Every structure is written in structure tokens, then in C-alpha cells.
Number of protein chains: 2
Amino acid sequence: MSDRPELDFPRPLTTVDVVIFAIRSDALQVLLVQRPTAKNEPFPGAWALPGGFVDIAADRDLEACAARKLKDKTGVVSPYLEQLGSWGSAARDPRGWSATHAYFALLPEQAAGGVQATDAQWFAVDGEKVKPRLAFDHAEILATAIQRLRSKVEYTSLPAYLMPPEFTLPELQRTYEIVLDRPLEKSAFRTRMLAADLIEPVARMRKGPNRPAQLYRLKKAKAPVFFARTFNPPG
Amino acid sequence: MSDRPELDFPRPLTTVDVVIFAIRSDALQVLLVQRPTAKNEPFPGAWALPGGFVDIAADRDLEACAARKLKDKTGVVSPYLEQLGSWGSAARDPRGWSATHAYFALLPEQAAGGVQATDAQWFAVDGEKVKPRLAFDHAEILATAIQRLRSKVEYTSLPAYLMPPEFTLPELQRTYEIVLDRPLEKSAFRTRMLAADLIEPVARMRKGPNRPAQLYRLKKAKAPVFFARTFNPPG
DNA sequence: TAAGTTAGTTGGACTGTACAACTAAGTATG
DNA sequence: CATACTTAGTTGTACAGTCCAACTAACTTA
């Protein structure tokens, strides 16, 4: 770096963290990892969002870095992955001025079930918090992620990324209700969902505990589609 | 750093860039600065978003850094400032792996008129582009900022931050129309804007080229307020 | 065979928007 | 000074989508 003296000044630590959501046991859950207890490690033993330093040799860009960390923890290769924002300050990491680029990912339930990292564990989201205290400013990042998820659910097809490839309308509605944490009106949900043109019926039917239900799948769309209006709570 | 050998690895360059918007001459404009032409400088002479390296001695956090750069260029102290996202890759800066934290700011017209930095200049936004080619990946950042602004205008009170302290309803509607680049229906705009409870009437009236018009001001609200529905284009 | 459960439909009340026509108060022009 | 023009703001009708409750249909379970 001696040939570029103008770049010889202290740089912040740069990390990437990923908020990984899934619906498990009829609840919105988030994947956390336990921090190592080695000497010099900040927040030893505390729970934290999966993440770590950017590896400028291995990571082509920030999103690739986030995808790598997600794959390391879950084995999932191409889920829904969206940038959440960045948090940087002198105080957030005892090792020095640091900035993290936060992403959030959505996993279908069966992919979430395949996670088997020994230091990782799923926690139910309660309001905008989880039970364990989180390392760094991860509680704030998580709260922001939950807000973003809830907000986007109001007007996009995001929850479809939490579903298996084929699903029934009541199953999809149930996912919306879990994420929003409030009941939705059946008839209006159906009308809007079909009008939004996000999903298409599949030939097959599902044999349930009652009458066969129509299966749907998400239409091909790179980005989540926007609804024209927000859901209004019944009552 | 020798007492923390685990932190001795190459770190990305960390910068902050600010997309500064204002309505000038009945058009949405953005403030750009011309890059220096000194040796070793990337993109010499090209236009770029105002920004630069994070100064870990001077900047408490990322937002303070963005506010500092905004004040340096415009003199404005507390405008609307929101994080836009971050862009980081090995390729975006010839000096090495770099990550920028992008913010966007909204200025009222008279504050925008006070900008007098010699290397800064306002450019009209055409679609999602500006006339000059931009340095780094700033064209992509600017396009994202415009999309974010347009999208938020649909369902929040953001454009009020582009207005002077007191304004008439038709003036506010004109600002919405400039940002959205499409006409809005007068009656529906009025009904929704008043129902949203974002603005309150001021005792005074403005003497215009026609009958006196009622002045309004933005109600005290830290964050922009959300509308329940989106605007639909007439016709 | 009867009762229970869930998928999906139907219809009426209500609400907010789109749109056009209208009124009112000022300015500009001959 | 009278008339035409411009723009602020209102009114009223048509329409679309939501809320909500009641209903039908198909399958399961006791």
C-alpha cells in the first residue's frame, strides 16, 4: 500500500450479518448463532445474527458475502435475500469502529428444518424481540428486519418465499397471518390475492382432512410483486 | 493493532455517499460534485455523488458522517436524511475492495439555492438518469435513490420535506406531480391529503395571481407518515 | 349414518376514489 | 370599467374493492 500513501489511514472493520427468517411450528422464527468463547472475542457465549468479516479475497461483493454466510449456516443456496441496511459506529463493536451490512433471508419451512450447524438455533420472534439478549447491536438490526418484513407483507408477495413450492390458499393466508400477527378476512384475502396475479393454480389438488383444496404456486417473478392496497384488519 | 493479531487482515475501504434531491425550476434535481484531477485519483474530472471516506476519528456513526458531508456541500444542518443502502464489491473502485453506505436527503428549494460550493452543481433528473456519466457505480446508486423516492411518494408524506415551511395545497400537489412525473387528480389528492392528517392549516392566506389560497404546514412528525392507499393515475 | 370441519361462494352494506361539472374570488385586458 | 380569464376549492355521481356474515359443498370421523 506504500505506492498509495493517500489510502494509508485507519479503516473501519467491515462485516456482513444475515437475519434468516422461517415459519416453524406456526410461528415466525429467526436463526441465531452462539458467539465463541475464545479470548479476545467480544460478547463470548452470547447469541448473535449469523455473519462475520468480509473476506476481500473470497467475496466478489456484499451480496455474495451474505449468500456465503447463509449457505455456511443453512446449506441453502438461492433463497430470497434482500439488503436491510447498514449499521456503523465507533461504539457497536469493542474491537473498534465497525460497519455491518445487514441482509435478511426468507426460508421455506422444510429448508429451515435442514439446518444442522451445532452452534445455530432457531428462536421464535415475539413482537419485535427474541428471548436471548443479542450481541452487538443485533437486537436493533433484528427489530428493523421484523418491521421491514411486516411492512412488506402488507403490500407485496414476500410471504410466498416462506412457502413450499406448492401450497393452498388457506395455507398462504395462514402464513400472512403468522407474519402479521393478526387475523385476515378470508374472502377479501382470496379476492386480492387472485387479483394481484401473483400465484397460479396447479392441476393437482391436495387431499386434506376435509375436501380437496386447490394447490397454487408462485408465478415466475424475480422481485416480489406489489399489491395496490394494504390489508385492513377486520373489525 | 499488534495486540489483536486476529484483526490483522485487509479491510475494505469504507465510504459514505449522499444523494441530495431538491425541486428547482419545476424539476427534480440532484446535486453532483466534480472529482479532482490530481494524480492517482479515480475518475478524474467526472461527476459523482457527494461523499468520501469515513473518518473514524471524527464520525461517531454512519449517519453523522453523512450529515457532515451534506453540511460541507450545502450548509444545511438538519434536513430529511434517510439511509438508502450499501454497495460494496472488489470492482467498484480502482483503489481496491470498497463499500459505500449511501444516504439520500431532501432539501427545500430555497435551501438548495444556497449551495455555493465551486465544485458542486445541480442536475435535472430525467427518468432515472442525469446527463453526465457518473463516477464509480454512482449511476446505479442514483437510480435506486430515484426509485426509492418515487415509491415512497406513493404512500408517505415525503414530498413535504421538499416544500418551504408553509405552502398551499396546489403547491404540494405540484411537488407530488413533479416527483412522480404524472398528473394527479385534484379532488382525490385533496381528500386523501387532508384525511391523512399530515398537514394543518395556518391562519394566513397567500395572495396569488388569483384568489387567496389557504396556507398549510407539515404537522410535527419525526418520520414521514404513511398513507393507507396508493395514488392511482387518472384515466 | 350423523356430526364436524374446512374450502370456497354469494350478496349486501359501506367506504374511498375517479371524474366532471360547478362556484367563487381574484387578475388581466380591452 | 366591463368582460374574460385563471385558479382555489366544492359538490355529486359512478364505480370498485373491502368487510362481514351467511351459505353451499366435500370430505373425515365417531
Side-chain angles (χ1 to χ4, degrees), chain A residues 26 153-157 163-164 166-178 180 182-217 225-235, chain B residues 26 153-157 159-160 163-164 166-178 180 182-217 225-235:
Chain A
D26 249 28
V153 164
E154 295 279 357
Y155 56 92
T156 78
S157 57
M163 306 297 293
E166 297 187 350
F167 47 84
T168 67
L169 263 182
E171 287 166 354
L172 182 60
Q173 180 175 350
R174 182 80 192 113
T175 297
Y176 271 81
E177 290 175 339
I178 289 172
L180 289 174
R182 73 167 193 257
L184 297 178
E185 211 285 317
K186 179 170 59 164
S187 172
F189 181 84
R190 179 182 198 79
T191 312
R192 268 184 64 177
M193 191 58 60
L194 296 180
D197 202 37
L198 309 174
I199 59 179
E200 56 188 359
V202 174
R204 239 154 327 137
M205 296 275 198
R206 168 167 303 168
K207 297 273 195 160
N210 35 38
R211 105 171 188 182
Q214 177 63 56
L215 286 173
Y216 293 86
R217 67 163 162 251
V225 182
F226 278 67
F227 289 113
R229 298 173 173 230
T230 61
F231 285 115
N232 295 317
Chain B
D26 248 29
V153 163
E154 295 279 356
Y155 56 93
T156 77
S157 57
M163 307 296 293
E166 299 187 349
F167 48 84
T168 67
L169 264 182
E171 287 166 354
L172 182 60
Q173 179 175 350
R174 182 79 192 113
T175 297
Y176 272 79
E177 291 175 338
I178 289 172
L180 289 174
R182 73 166 193 254
L184 296 178
E185 211 285 317
K186 178 171 58 167
S187 173
F189 181 84
R190 180 182 197 80
T191 312
R192 269 184 63 178
M193 190 58 60
L194 295 180
D197 202 37
L198 308 174
I199 59 178
E200 56 189 359
V202 175
R204 238 155 328 136
M205 297 274 199
R206 168 166 304 168
K207 298 273 194 158
N210 34 38
R211 102 173 191 182
Q214 177 63 55
L215 286 174
Y216 293 86
R217 69 163 160 250
V225 182
F226 278 68
F227 289 112
R229 299 172 171 231
T230 61
F231 285 116
N232 295 317

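Each chain gets a letter, A, B and so on, in the order the sequences are listed, and its residues count up from 1. In this text the structure is predicted, and so the values were computed from the model without any measurement.
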Over all atoms of both residues, closest heavy-atom pair of A:T175 and A:M163: OG1-SD, 2.9 Å
Distance check needed: [N] [atom2] versus [X] [atom1], whole Å only.
{"X": "A:L169", "N": "C:dT6", "atom1": "CG", "atom2": "P", "value": "16 Å"}
{"X": "B:L194", "N": "C:dG16", "atom1": "CG", "atom2": "C1'", "value": "14 Å"}
{"X": "B:Q173", "N": "C:dA18", "atom1": "CD", "atom2": "P", "value": "11 Å"}
{"X": "B:M193", "N": "C:dG16", "atom1": "CE", "atom2": "P", "value": "16 Å"}
{"X": "A:L184", "N": "C:dG8", "atom1": "CG", "atom2": "C1'", "value": "17 Å"}
{"X": "A:L215", "N": "C:dG8", "atom1": "CG", "atom2": "C1'", "value": "15 Å"}
{"X": "A:R174", "N": "C:dT6", "atom1": "CZ", "atom2": "C1'", "value": "14 Å"}
{"X": "A:F189", "N": "C:dT9", "atom1": "CZ", "atom2": "C1'", "value": "17 Å"}

About how many Å separate OH of A:Y216 and CG of A:L194, when rounded to the nearest 0.5 Å? 5.0 Å
Kindly compute the distance separating CG (B:L172) from CD (B:E177), expressed to the nearest 0.5 Å. 10.0 Å
Listed nucleotide nearest any side-chain atom of [X], set [options]:
{"X": "B:R190", "options": "D:dC19, D:dT10, C:dT17", "result": "D:dT10"}
{"X": "B:E185", "options": "C:dT17, C:dA20, D:dA8", "result": "C:dA20"}
{"X": "A:S187", "options": "C:dG8, C:dT10, D:dG9", "result": "C:dT10"}

5' precedence on DNA chain D between B:Y216 and A:K186 (nearest-nucleotide basis): B:Y216
Any A:R192 side-chain nitrogen or oxygen under 4.0 Å from OP1 or OP2 of D:dG17: no
Check this for me: does any side-chain nitrogen of one of A:R174 and A:E171 sit under 4.0 Å from a carboxylate oxygen of the other? no
Would the distance check show the side chain of A:Q214 and the main-chain N or O of A:V202 forming a donor-acceptor pair, the cut-off being under 3.5 Å? yes
Under 4.0 Å between any heavy atoms, over every strand shown, what does B:T168 touch: base, sugar-phosphate, or nothing? Just pick one. nothing
